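Whatever order the structure lists them in is the order used to number ligands and atoms, beginning at 1. These figures come from a predicted structure and were not determined experimentally.
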Amino acid sequence: MKRLVTALSLLALGALAQTWNMATPYPPGNFHTQNILQFVKEVEEATGGRVRITVHPGGSLFPHPQILPAVRNGQVQMGEVLMSLLANENPLFNLDSIPFVVSGYEDAWRLYQAQRPEVEKWLAQRGVVFLYAVPWPPQGLYTKKPVNSAQDLKGLRFRAYNPATARLAELLGMTPVQVEAADIPQAFATGIVEAMITSPTTGVDSQAWDFARYFYDVKAWIPKNMVVIGRRAFESLSPQDREALLQAAKRAEERGWKMSQEEEAKALKTLAQRGMQVVKPSPQLMADLKKAGETMILEWQRQAGATGVRVYRQYLGR
Ligand code: PCA
């Protein structure tokens, strides 16, 4: 009898304890990944070890564009995705990657609050539960040569990481080439690209000082990563464990927004220490980028539909 009880309780434990996988696109040392590792640790603790999550960073389990599809069809339980990578599926995701819609973290937070309910709904319709989102530091321009206006960018091969950066390249007379963050050093080394706009963080991750001399701190937009879980995995949890997961997600979000802001200053310093010229953009360059941003937000409003426009208006407070 005793043996039977032990066997049964082991069985029950086996059925309850879950080991999940989580696919993420960015490198292990990146603050987003570090934040996720802390999140995962807290989930494990808060569920008494019933939920263990193995994080696979750097696109090692699924390449970035396949992470959300893999979560959707249950190939992997959890994932992290750059929201604006999904711009072609829903324009709502694009809004945080259009130049100068936000100017700073406070704006970025308000924009997120406006986007979030619709993003949640859209994902839920696809069997995915939204957990939280964390911003990258504001985006700046990396070049080999000095750039004083958009004229100086014309003809360059420009690294794009989502539909918005590709469109921006076109508007500025550059040729966009989609390159994932992990492939940046290689792409510059082989001349596939010659300039990019991304965060100081991704500049540090890719050792931008090896291939670029200038960083123009334009702070053009503040894109976000989101962390999601497949509905089947989520619903396999007991109500308490679901709540524990959601609470840990909430803490990860708060921590992540702080980390991002601290990270900006730290990464800017590293770029300078490594010999890059970290410079303020000229008024002409700013004006040219702003003009491209204005075109992009007009284009966006045309394709965003009623929901998109409502979200944008809500953010603007109109
Ligand atoms: N880093 C990511 C997305 C935005 C950012 O700052 C990248 O460059 O791919």
Going by the side chain to side chain donor-acceptor pair (under 3.5 Å) test, which pairs reach into residues 163-173, not counting sequence neighbours? Asn162-Thr165, Arg167-Glu170, Arg167-Glu299
Has Arg302 got its NZ or CZ under 6.0 Å from the middle of the six-membered ring of Trp300, at an angle within 45 degrees of the ring axis? no
Have Gln284 and Asp288 got a donor and an acceptor in their side chains that come within less than 3.5 Å? yes
Check ligand 1 against the protein and report each N/O to N/O distance under 3.5 Å, formatted as atom name, atom name, distance.
| unit_1 | atom_1 | unit_2 | atom_2 | d |
| --- | --- | --- | --- | --- |
| ligand 1 | 1 (N) | Thr198 | OG1 | 3.1 |
| ligand 1 | 1 (N) | Thr202 | OG1 | 2.7 |
| ligand 1 | 6 (O) | Gln139 | NE2 | 3.0 |
| ligand 1 | 6 (O) | Thr198 | OG1 | 3.1 |
| ligand 1 | 6 (O) | Ser199 | N | 3.2 |
| ligand 1 | 6 (O) | Ser199 | OG | 2.6 |
| ligand 1 | 8 (O) | Arg159 | NH1 | 2.7 |
| ligand 1 | 8 (O) | Arg159 | NH2 | 3.4 |
| ligand 1 | 8 (O) | Thr198 | OG1 | 2.7 |
| ligand 1 | 9 (O) | Arg159 | NH2 | 2.8 |

Mind listing the side-chain donor-acceptor pairs of residues 128-136 below 3.5 Å, one per line with the distance, residues two or more places apart or on another chain?
| unit_1 | atom_1 | unit_2 | atom_2 | d |
| --- | --- | --- | --- | --- |
| Trp136 | NE1 | Asn225 | OD1 | 2.8 |

Does the pair Glu44/Lys41 count as a salt bridge with the N-to-O cut at 4.0 Å? no
Taking only distance into account, with no hydrogens and no angle test, what donor-acceptor pairs under 3.5 Å do side-chain atoms of residues 182-192 form with protein atoms, sequence neighbours excluded?
| unit_1 | atom_1 | unit_2 | atom_2 | d |
| --- | --- | --- | --- | --- |
| Thr190 | OG1 | Gln186 | O | 2.9 |
| Thr190 | OG1 | Ala187 | O | 3.4 |

